[in-house]
Number of protein chains: 2
Amino acid sequence: MTEDRHSQPEEMRAAREKILAAAARLFAERGYESTSLAEVARAAKVSKALIFWHFDNKQQLYLTALQKNLEPYHIDREELAGLEEPDQIVRLIDSFYQFVNDNVYSVRFFMTLMLRGELPLGESEASRGSDSLQRVNELYRAFRQSFAEIIAHGQQRGVFRRSLDPEREAALMLVTLVGVLAQQFMLGETFESSKGLIEHYKQTLFERLRCAEP
Amino acid sequence: MTEDRHSQPEEMRAAREKILAAAARLFAERGYESTSLAEVARAAKVSKALIFWHFDNKQQLYLTALQKNLEPYHIDREELAGLEEPDQIVRLIDSFYQFVNDNVYSVRFFMTLMLRGELPLGESEASRGSDSLQRVNELYRAFRQSFAEIIAHGQQRGVFRRSLDPEREAALMLVTLVGVLAQQFMLGETFESSKGLIEHYKQTLFERLRCAEP
DNA sequence: GTCTATATACAGATAGAC
DNA sequence: GTCTATCTGTATATAGAC
């Protein structure tokens, strides 16, 4: 999971970009309803009217900002090559939380959206909003599938128990990771305070996955 | 986890109660920002002005409605008495999801609030933060502690592995339960579709907790 | 206690100068 | 492209009759 945003100095960016950056941050922090365009304008240091020159309306700004938040991320499978399966799993778990930690606002934002089913514009077609949500779902599935593949490989190589169903295990893993995340956000805890729990989970996980000595 | 709301026929209730009921439902469904008092008034079949006679302002109505949503719930420890520890755990897990299923709106609502940090909380003191969030935290802790106690008891009776730390295990359990919940909400799944996952988790859990034959 | 009517503020959105 | 000024709708909240 890596990010390749090519960021530029604040002052040099075109107004449109400044608006998008401010909007992405504010919508993520405060949500759609309670973020006014006046606030976005102030944060971006432009006039309200300029927002309407660049975007048709509030919703379109919002959708564009969403997409901007999602585009740069992908799972980096290269970096796992050559590692033992257990290490691959550890690496994937860590990069999951690294990603989350680096993008608290966006992640919180998307969790809120999905939680409320707030895919704006109503969930009926035509709303390109669901594209963004679609992307999140893809990302989620990609993680799950990566875990499943690693487990399956590990089984073939005899390091993981063969009695397990990789898909089921991967699904449960993702659920747990998301649970830690949710708790972290919901109880207002920091990433640091969750670390103990995460380490404990890794240990638990390997006790489950690992073969008894062959 | 049981509910003991004493509901009355819609027409007979005092206006204040009708307002609270409508507010609780609408806030839970649509959130604070996007629920107008006009809608509440319409749903409660009273005038907007009457809301302000009964409540100081929108926020106070909101907080009062929240409390109404939470008060009736508690963990019913009686119902666990006499069961074997593993059965107690199964029962607690099931009643957790039963509760959630019976109160989708409220649960979703509170998760959203906590996620957005919309209420000034954080689990440690200081927050004059709403009583309601405090209540949610208490409930969460009560569940976790119940699990920890059951595990500890099971250890003493020799049915669970003694090498485990009950608090740690309970924390991880809650995280997983919340994770299933979060996924259910976020991916728009139904409770039914999560059942397979939950059953798989129970099985995984007991493989971890149970002693090898003594 | 409950209503109608109204005050006040601010949201999203437009017009038009530069 | 960016601004100031303004329109229009709707939100919270109040006044006052009954």
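Worth saying up front: this structure is predicted, and the values here are computed from it rather than measured. Sequence lines set the chain letters: A, B, ... in the order given, protein chains first and strands last, and positions in each chain run from 1.
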*State, to 0.1 Å, how close A:Tyr97 and A:Thr176 come at their nearest heavy-atom pair, and which atoms those are.*
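Closest heavy-atom pair between A:Tyr97 and A:Thr176: OH-O, 4.4 Å.
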
*Grab the two heavy atoms, one from B:Phe27 and one from B:Lys58, that are nearest each other, plus how far apart they are.*
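In this case the closest contact between B:Phe27 and B:Lys58 is CE2-CE, 4.1 Å.
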
*State plainly whether the residues B:Asp94 and B:Lys202 are in salt-bridge range, i.e. N to O under 4.0 Å.*
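The answer is yes: the pair qualifies as a salt bridge.
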
_Residues B:Glu192, B:Lys195: salt bridge by 4.0 Å N-O rule_ =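 Salt bridge flag = yes for B:Lys195 with B:Glu192.
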
*Under 4.0 Å protein heavy-atom contacts per nucleotide of nucleotides 6-18 of chain C, with B for base, S for backbone only and - for none*: -----SBBBB---

Gap between atoms [atom1] and [atom2], on [X] and [N] respectively (whole Å):
X: B:Arg42; N: C:dT2; atom1: CZ; atom2: C1'; answer: 18 Å
X: B:Ile51; N: D:dA11; atom1: CD1; atom2: P; answer: 12 Å
X: B:Tyr62; N: D:dT12; atom1: OH; atom2: P; answer: 14 Å
X: A:Leu50; N: D:dC3; atom1: CG; atom2: P; answer: 5 Å
X: A:Ile19; N: D:dT2; atom1: CD1; atom2: C1'; answer: 10 Å
X: A:Trp53; N: D:dT4; atom1: CH2; atom2: P; answer: 17 Å

*So which of A:Phe191, A:Phe147, A:Phe143 actually passes ring-ring contact (aromatic ring centres under 6.0 Å, His included) with A:Phe96?*
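With A:Phe96 as partner, A:Phe191, A:Phe147, A:Phe143 yield a single ring-ring contact (aromatic ring centres under 6.0 Å, His included), made by A:Phe143.
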
*Should the ring pair A:Phe160 and A:Phe206 be called parallel, tilted or perpendicular, given that the plane angle runs from 0 to 90° and is split at 30 and 60?*
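Ring orientation of A:Phe160 relative to A:Phe206: parallel.
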
*Of the nucleotides D:dT4, C:dT2, D:dG1, which one has an atom closest to the side chain of B:His54?*
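It is C:dT2.
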
